[in-house]
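These notes concern the structure reproduced below.
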Number of protein chains: 2
Amino acid sequence: MTDKKYCYEYPHPAVTTDIVVFTIREGRLKLLLIKRKISPYKGKWALPGGFVALHEDISQCAARELAEETGVSSVFLEQLGAYGAPKRDPRERVITIAYFALIPSEKIQVQAATDAAAADWFAMDALPELAFDHAEIVEQAKTRLLNKLGHSTIAFQFLADEFTLTDLQKVFEIIQGEEVDKRNFRKWALALNSIEATGKERREGQHRPAKLYRLSSTVQDID
Amino acid sequence: MTDKKYCYEYPHPAVTTDIVVFTIREGRLKLLLIKRKISPYKGKWALPGGFVALHEDISQCAARELAEETGVSSVFLEQLGAYGAPKRDPRERVITIAYFALIPSEKIQVQAATDAAAADWFAMDALPELAFDHAEIVEQAKTRLLNKLGHSTIAFQFLADEFTLTDLQKVFEIIQGEEVDKRNFRKWALALNSIEATGKERREGQHRPAKLYRLSSTVQDID
DNA sequence: TCAAAAGTGTTTGCTATACACCCATGA
DNA sequence: TCATGGGTGTATAGCAAACACTTTTGA
């Protein structure tokens, strides 16, 4: 073991960030996981994350880790909370600040990161066993996502800059796990005053083309 | 300076908890503050809190600090979030996990704590200048309180075990800063299915006695 | 002309709001 | 008997949910 050169008068815990990264792929809500290459939990799947550097803000740390793992930046990133049970990491006291991130399906060539084979997307209803207390963190992230879905504009974070109303509806249906009425949904979405038609259309397949929408510039999220 | 005997291979930040303690006194929403006796911000008012001990959970730490400062335990305590800007404490890197606590007006002989003169209650609309980034933390706690007020049962946390509907209504009016309609409020409160009449009454003053209510046993909060 | 998804209104029930008077008590 | 806060109901408007057919396109 190398020498321990960072010394303090009182004991200090280690601090990490872990990021719950959601996206929608293949019509399912998916979670990004990393295969651990070292002990503890070697070989198990875990949330991407890492130690907070002394000079960086914790949200910067989360953004940096996310960029390193997925290659994407400037995505939706929100703090979920701090997890600090004394024995959650068997090595030493580690407190983690969990974040949750939403990224659009298309933005991700992902796994691009440093080590390819070690990262993968898992459907939320088919998660492997997770390291540490990550299952609990993921559970709370899922709850938060569901709660915010109908009361904010986070659903748009899963979509490209331009999208159809059907695209948006599918995001809701996938996350909520149930179908919604097309007419009511469209009324609701337009009544939000958060999206506007671009004037363009998307043609695909032998049917009527769909109008494209974008987020209005003046959209802000709610706590 | 004493010798620094806790050493690590990589730099570790210090971790504290800070608690935003709200109560209602004198018909106003009040916040508990502690006068700092040491640098930095010596003499300034700050949130109660302290360093996380290595063996305790962070929520235990918050509960412990709260008990030390106010003498109360088993009160509503919820995590608010982590604050970790690199320079928020000029001494060293300190990441704080903020909590918010609600305590009933009567429960507090407070200031009972270790050092009496150094703690005091301040009305939320007349706060002194605060140390560190505590003003920001308080602001977000206030927002959270307002948001949860109508969608959960936290308002009850400000009341004694037995209370009248007028007591409850006053809590809402004080926090929201505006009067509400008595009939609508009572309909709403009873429709919650969270409170039940005790059968007892409170007599005070020359008017009809008020029915006393208590929280039903099966009440749970919403995220 | 057919298949496939886009697009569009009305009815109904529920929830939120506005609003004013009688009741029980102690002095 | 009077002053004080406790307690109660109804009418209206806005929002959420149920529900089915026409339109446009490409093959």
Side-chain angles (χ1 to χ4, degrees), chain A residues 24 26-27 105 146-153 155-156 159-160 162-214 222, chain B residues 24 26-27 105 146-153 155-156 159-160 162-214 222:
Chain A
I24 287 177
E26 299 160 6
S105 352
L146 273 166
N147 283 340
K148 294 194 82 167
L149 197 63
H151 309 283
S152 72
T153 55
F156 298 102
L159 299 170
E162 299 195 328
F163 53 87
T164 68
L165 291 182
T166 302
D167 291 342
L168 184 59
Q169 182 176 344
K170 277 186 183 145
V171 169
F172 274 78
E173 290 177 335
I174 289 164
I175 296 174
Q176 294 182 158
E178 56 188 11
E179 300 194 342
V180 303
D181 179 82
K182 185 162 44 156
R183 280 167 297 186
N184 291 336
F185 179 80
R186 291 160 102 92
K187 250 181 298 179
W188 173 85
L190 295 171
L192 276 181
N193 266 340
S194 298
I195 59 175
E196 56 193 17
T198 63
K200 287 183 276 183
E201 295 183 331
R202 178 196 295 163
R203 308 177 116 77
E204 52 171 13
Q206 44 190 310
H207 56 81
R208 182 170 175 174
K211 286 183 190 158
L212 286 168
Y213 291 80
R214 73 167 82 88
I222 313 158
Chain B
I24 287 178
E26 300 159 7
S105 352
L146 273 166
N147 283 340
K148 293 195 82 166
L149 198 62
H151 308 284
S152 72
T153 54
F156 299 102
L159 299 169
E162 299 195 328
F163 52 87
T164 67
L165 292 182
T166 301
D167 291 341
L168 184 59
Q169 182 175 345
K170 277 186 184 145
V171 169
F172 273 78
E173 289 178 336
I174 288 165
I175 295 173
Q176 293 182 159
E178 57 188 10
E179 300 193 343
V180 303
D181 179 82
K182 185 164 38 160
R183 279 167 298 185
N184 292 338
F185 179 80
R186 292 161 102 92
K187 249 181 299 178
W188 174 85
L190 295 171
L192 275 181
N193 266 340
S194 298
I195 59 175
E196 56 193 18
T198 63
K200 288 183 273 182
E201 295 183 331
R202 179 196 297 164
R203 308 177 117 76
E204 52 170 10
Q206 45 190 309
H207 56 81
R208 184 171 175 176
K211 285 181 190 158
L212 286 169
Y213 291 81
R214 73 167 83 89
I222 312 158

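Rounded to whole Å, atom P of C/dA20 lies 13 Å from atom CG of B/N184. For A/Q169 and C/dA6, the CD to P distance is 9 Å, given to the nearest whole Å. Rounded to an integer number of Å, the gap from B/L190 CG to C/dT15 P is 15 Å. In this structure, the CZ atom of A/R202 is 9 Å from the P atom of C/dA6, given to the nearest Å. Distance, B/H151 NE2 to C/dA16 P: 10 Å, rounded to whole Å. In this entry the distance linking CZ of A/R183 with C1' of C/dT11 reads 12 Å, nearest Å. Rounded to whole Å, atom P of D/dC15 lies 21 Å from atom CZ of A/R186. Rounded to an integer number of Å, the gap from A/F185 CZ to C/dA6 P is 12 Å.
Closest to the A/Q206 side chain, of the nucleotides D/dA27, D/dA18, C/dT8, is D/dA27. Listed nucleotides: C/dG26, C/dA5, D/dG9. Nearest to the side chain of A/H207: C/dA5. For B/P209, the side-chain atoms get nearest to C/dA24 when compared with the rest of D/dA27, D/dT8, C/dA24.
Distances shorter than 4.0 Å separate none of the side-chain N or O atoms of A/R208 from OP1 or OP2 on D/dT23. Considering only side-chain N and O atoms, A/K211 lies under 4.0 angstrom from the phosphate OP1 or OP2 of C/dT8. Regarding contacts with the backbone of C/dA5, every side-chain N or O of A/T166 stays at 4.0 angstrom or more from both OP1 and OP2. Between A/R203 and D/dG26 there is a side-chain polar atom (N or O) within less than 4.0 angstrom of OP1 or OP2.
If you check distances only, the side chain of B/K187 does reach the base of D/dT10 with a donor-acceptor pair under 3.5 Å. A donor and an acceptor atom sit less than 3.5 Å apart, one in the side chain of B/K182 and one in the base of D/dG6.
Closest heavy-atom contact between B/A189 and B/L168: CB-CD2, 4.1 Å. Residues A/R203 and A/P209 approach most closely at CG-CB, 3.9 Å, considering heavy atoms.
With hydrogens and angles disregarded, a donor-acceptor distance shorter than 3.5 Å links the side chain of A/T198 to the backbone of A/L212.
Residue-to-nucleotide proximity on DNA chain D shows that, of A/D181 and A/G205, the 5′-proximal contact is made by A/D181.
When the shell of 6.0 Å around CD of A/E179 is examined, it contains 12 or fewer heavy atoms from other residues, nucleotides or ligands.
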